[in-house]
Amino acid sequence: MAATGQLTTAPARGGVSAVTALRIGLIVAALLIWEGLARSGWLYRDVVPSLFAIARAIVVLLTGGEYYFHLGVTLGEIAAAVAIGGSCGVVVGLVLGANKFMARAFEIYLYYLGPTPKIIFFPVMIMWFGVGSGSKVALGALSCFFPVALSVAAGMRQIDKVLIRVGRSFRADTRQMITKIYLPAMRHPIINGVRLGLGIGLIGTLLAETKLSNKGIGFLIINAYSTFDMPRMYANLIVLFVIAIGANALVGRLGGLDRIKR
Amino acid sequence: MTTPILVADQLAVRFETAEGPVKAVDDVSFSVRQGEFLSIIGPSGCGKSTVFNVIGGLLAQHDGTVRVGGELIDGPHKSIGMVFQEESTFPWRNVVDNVAFPLELTGMARDKRVERARHFIRMVGLDGFEKRYPGELSGGMRQRVSLARTLASEPKILLMDEPFAALDEQTRLLLGDKVLQIQQQLQQTTLLITHNITEAVQMSDRILVMTYRPGRVKRIVEIDLPRPRTSDIVGSEAFGRYVAQVWSDLREEASRGLKDEEEHMLHEAQP
Amino acid sequence: MNAAARHAVSRFAPVATGVACVVLFFCVMEAVIRAGILSEYIVPPPTQVLAAFGEVVTQEHIVRRFFLTIGECLMTGVMITVFGVAGGVLLHRYKLLQQATETWVAALAAAPVVLAYPLFMVIFGRNAWTIIMMGFVAALPPVILKTIEGLAGTRKVLVNVGRSFNLSASQQFWKIMLPAALPTIFTGIRLGLIFGLINVVGVEFLINYGGLGQLINDLAERYDLPGTYAAICFVILVSVVFFMTLEKIERWLRPVN
């Protein structure tokens, strides 16, 4: 990732920095263009609905109880997917990171199978786990497993070797080595692995819901599409994106809570 | 004469490389008396870090034996404390938690170990920095934290591998003073691996000069400078004579090492 | 055994073990399914899948489908390169713009953009453009971010060399900064292409249109189990080869690392 140089530009009169002003300007311009397009009638009706229609749809969505039922289903599926895929990933990653032989034998498969489209496994998941939540969780777990395993394995290998020697020179036993040296030394790769796993597990689960489901956020999105209720679709997508980006930022913030430089 | 606290007998280490076995260390024998400061000096590639790892118990495959207080070593011995050359403080722990680490491993209660850690933090001159994290400290301060951490385990023998190699000359001289002060205060038996002649002469009672690979004991020089010492002796005549003596032995080995390296690189560059 | 032979064995032993384990796994699967412990209507035996492979290749116009998918990926690739690099250069040039929008680009990278595919279907219809645009949006952020990173990471000393020769700003950019940034930029394009392929195939599957992704959907809806498995394997294979090729190209561009 490029270094985000958060320079402190001196605030202009009124206490608003140039960066904030530009951001607000860009957002306002985008909204105005949107509303203009919506009212112009150039595009097929409702492809770009008026901002007010979208806002109304968001309010209707969030105030109706039904949304929260679907949200609950989806969150449950994501949680299960990330828990299963993530924990398997951590265990496999620890083994591969610690043992050179295992890594040379098996890691290459994870490395090359990782960047492949997992949604295509969905028909197989349906066959194995049925048309209910099981297949969604399975697909989410499958998606989430690879990045977590690879991150953890890489993280283990990046531990500053001298720290391991320090632990051994003080004759720490295995449990102490794991809890006092390995895990703290790997906190950054683990947090990043969890973030990645969460993001990818979320996508996998939701895509599966859009393909075949009668519950969940994915279902709501595809349902809005099939009834051509565009404001409702936009509303669902916007709320979903806010939740996803928020969760990602939260995990990142939790990981950065320490003052550690290395 | 007091019986030696550490005896290394005919240490030899061989490494397997793609081009066949390489002898890093061959027939190194020496002993260390209680309270003594012994430096092991040699050119790069003489195997002194290998000796460090063998004595520290981190390198199991070797010929010959190392005994501490009569006991044979097979793994890190509880009487030996190691200070490594590289940055080795735990970046996720603050200073006091770093220094208290060995005490934590033995299960000492929190209050007690914080108190003990504070004692050693003061000894290395870092009082006031207990709550800081290594990332906020300079290189020299971090090495002092590593030293305090090892001292906190109260080892009978302090084993250090070029701990000041990464620091600038002036910091090194000052830290050398500190180490001398601590060693004299605790009467700590110390084994220092170094490539720096001034450092070796400044601190040691005896200096063991190693040959280039395969590392053997070339000579053991007795340093008969008065104690207690400080970095002031760096200018004295006797000091200069000792440095010259060590350098004349070392220079031969160092040039052999340089020539060997150059030949190696020429070989590699050929298509 | 002499040292060299021992060294060679220690290099190949793990790889051989890995391969052996994979082969063993498939043999065990074959045995377990034929024995009836695992129903062959849920998991077809590997030999059946292999046989279906042949059928899929000959009967399902695999070549046409393959080129359709690759064509979509290529289009995505061209678009992300043009707009991604241009965007990155723009953001690098106008620092204020970079400070304002870089976190947005990073957020876009983290967001589940592909879930908006029903929206894109409404806008573009159920056709290749939805697929291409979906790939484009998903794959754009890494190219932009890596372009910025590459340009920003030009070693100060190289910039100073340019200044010492009194190069104009434009010369400085084309002769020093851009060439220095190319390896990192290509890493971004590689990442983008991978996301692109994943999303292209994924969306083909989801909207049941296109090349390889659609093939899987088709076979699944026909309840052709061995065929579905075979098609999935084929797509995974294509994906892996694609990834390996990109890596080779990147290593060729960045020989000393």
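In what follows, chains carry the letters A, B, and so on, assigned in the order in which the sequence lines appear, proteins first and then strands, with residues in each chain numbered from 1.
Contacts of A:Phe101 with chain C are made by both backbone and side-chain atoms, with heavy-atom separations under 4.5 Å. For C:Tyr229, the part sitting under 4.5 Å from any heavy atom of chain A is the side chain, from C-beta outward, and nothing else. Looking at A:Met230, the atoms closer than 4.5 Å to chain C (heavy atoms on both sides) all sit in the side chain, from C-beta outward. Contact annotation for C:Asn199: neither backbone nor side-chain heavy atoms come within less than 4.5 Å of a heavy atom of chain A. Using a 4.5 Å cut-off between heavy atoms, A:Phe121 touches chain C through backbone and side chain atoms alike. At a 4.5 Å heavy-atom cutoff, C:Val105 makes no contact with chain A through either its backbone or its side chain. Residue contact with chain C, scored on non-hydrogen atoms closer than 4.5 Å, involves the side chain of A:Leu26 exclusively. At a 4.5 Å heavy-atom cutoff, the contact between A:Met127 and chain C is made by backbone and side-chain atoms alike. Looking at A:Leu240, the atoms closer than 4.5 Å to chain C (heavy atoms on both sides) all sit in the side chain, from C-beta outward. Looking at C:Ile194, the atoms closer than 4.5 Å to chain A (heavy atoms on both sides) all sit in the side chain, from C-beta outward. With a threshold of 4.5 angstrom between heavy atoms, C:Leu225 approaches chain A through side-chain atoms but not through N, CA, C or O. Heavy atoms of C:Ala16 lying under 4.5 Å from chain A are absent altogether. For a residue to count as touching a neighbouring chain, one of its non-hydrogen atoms must lie under 4.5 Å from one of that chain's; by this rule C:Ala107 touches chain A with backbone and side chain alike. Heavy atoms closer than 4.5 Å to chain A are found nowhere in C:Phe242, neither backbone nor side chain. Within the 4.5 angstrom heavy-atom criterion, only side-chain atoms of C:Val235, from C-beta onward, approach chain A. Proximity to chain C (any heavy atom under 4.5 Å) is restricted, for A:Leu237, to the side chain, taken from C-beta onward. Heavy atoms closer than 4.5 Å to chain C are found in both the backbone and the side chain of A:Ile120. Proximity to chain A is limited to the side chain of C:Glu247, based on heavy atoms less than 4.5 angstrom apart.
Considering only heavy-atom pairs separated by less than 4.5 Å from chain C, the leading option among A:Ile119, A:Ile222, A:Leu196 is A:Ile119. Across C:Ala110, C:Gly150, C:Gly18, the residue that shares the most heavy-atom pairs under 4.5 angstrom with chain A is C:Gly18. Interface summary for chain C: among A:Trp128, A:Phe106, A:Phe122, the most heavy-atom pairs under 4.5 angstrom belong to A:Trp128. When C:Val200, C:Leu108, C:Ile232 are compared by the number of non-hydrogen pairs under 4.5 Å with chain A, C:Ile232 comes out ahead. The greatest number of non-hydrogen atom pairs below 4.5 Å with chain C, out of A:Lys211, A:Lys100, A:Met233, is found for A:Lys211. For the set C:Pro118, C:Gly213, C:Ala220, the count of heavy-atom pairs under 4.5 angstrom toward chain A peaks at C:Pro118. Chain A forms the most heavy-atom pairs under 4.5 Å with one residue out of C:Gly202, C:Ala100, C:Ser239, C:Ala20, and that residue is C:Ala100. With chain C as the partner, the residue from A:Ile245, A:Asn248, A:Val47, A:Leu207 showing the most heavy-atom pairs under 4.5 Å is A:Leu207. Comparing C:Thr228, C:Ile216, C:Leu119, C:Thr147 by how many heavy-atom pairs each has under 4.5 Å with chain A, the most go to C:Leu119.
Other residues, nucleotides and ligands place more than 12 heavy atoms under 6.0 Å from the CD1 atom of C:Ile42. Dense packing is recorded around CZ of A:Phe228, with more than 12 heavy atoms of other residues, nucleotides or ligands lying under 6.0 Å away.
Of the N and O atoms on the side chains of A:Arg23 and C:Thr103, at least one donor lies less than 3.5 Å from an acceptor on the other residue. Side-chain contact check for A:Tyr225 and A:Thr210: no donor-acceptor pair (N or O, by modelled atom type) lies under 3.5 Å. At a cut-off of 3.5 Å, with distance as the only test, no side-chain donor of C:Gln99 or C:Tyr94 sits close to an acceptor on the other residue. Judged purely by distance below 3.5 Å, without hydrogens or angles, the side chains of A:Glu107 and A:Tyr112 never pair a donor atom with an acceptor atom. Side chains of A:Thr20 and A:Ser17: a donor on one and an acceptor on the other come within 3.5 Å.
Distance alone, capped at 3.5 Å, is enough to place a donor-acceptor pair between the A:Thr74 side chain and the A:Ile217 backbone. Listed for the A:Glu35 side chain is a donor-acceptor partner under 3.5 Å among the backbone atoms of A:Leu51. Using a distance-only test at 3.5 Å, with no hydrogens or angles considered, no donor-acceptor pair links the side chain of C:Lys146 to the main chain of C:Ile144. With hydrogens and angles ignored, the 3.5 Å screen pairs a side-chain donor or acceptor of C:Thr17 with a backbone N or O of C:Ala13. Under a 3.5 Å cut-off, the side chain of C:Arg190 and the backbone N or O of C:Glu250 do not form any donor-acceptor pair.
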> Would A:Lys136 and A:Glu77 satisfy salt bridge (Lys or Arg N to Asp or Glu O under 4.0 Å), going step by step from the backbone distance to the final call?
Replying inline: CA-CA 7 Å; A:Lys136 325 289 187 301; A:Glu77 289 169 352; 5.4 Å; no
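Using a 4.5 Å cut-off on side-chain heavy atoms (C-beta onward), C:Cys21 and C:Val19 make no contact.
Between C:Met121 atom CE and C:Asn127 atom CG the span is 10.5 Å, to the nearest 0.5 Å.
The aromatic rings of A:Tyr111 and C:Phe243 lie tilted to each other, with the angle between the two planes from 30° to 60°.
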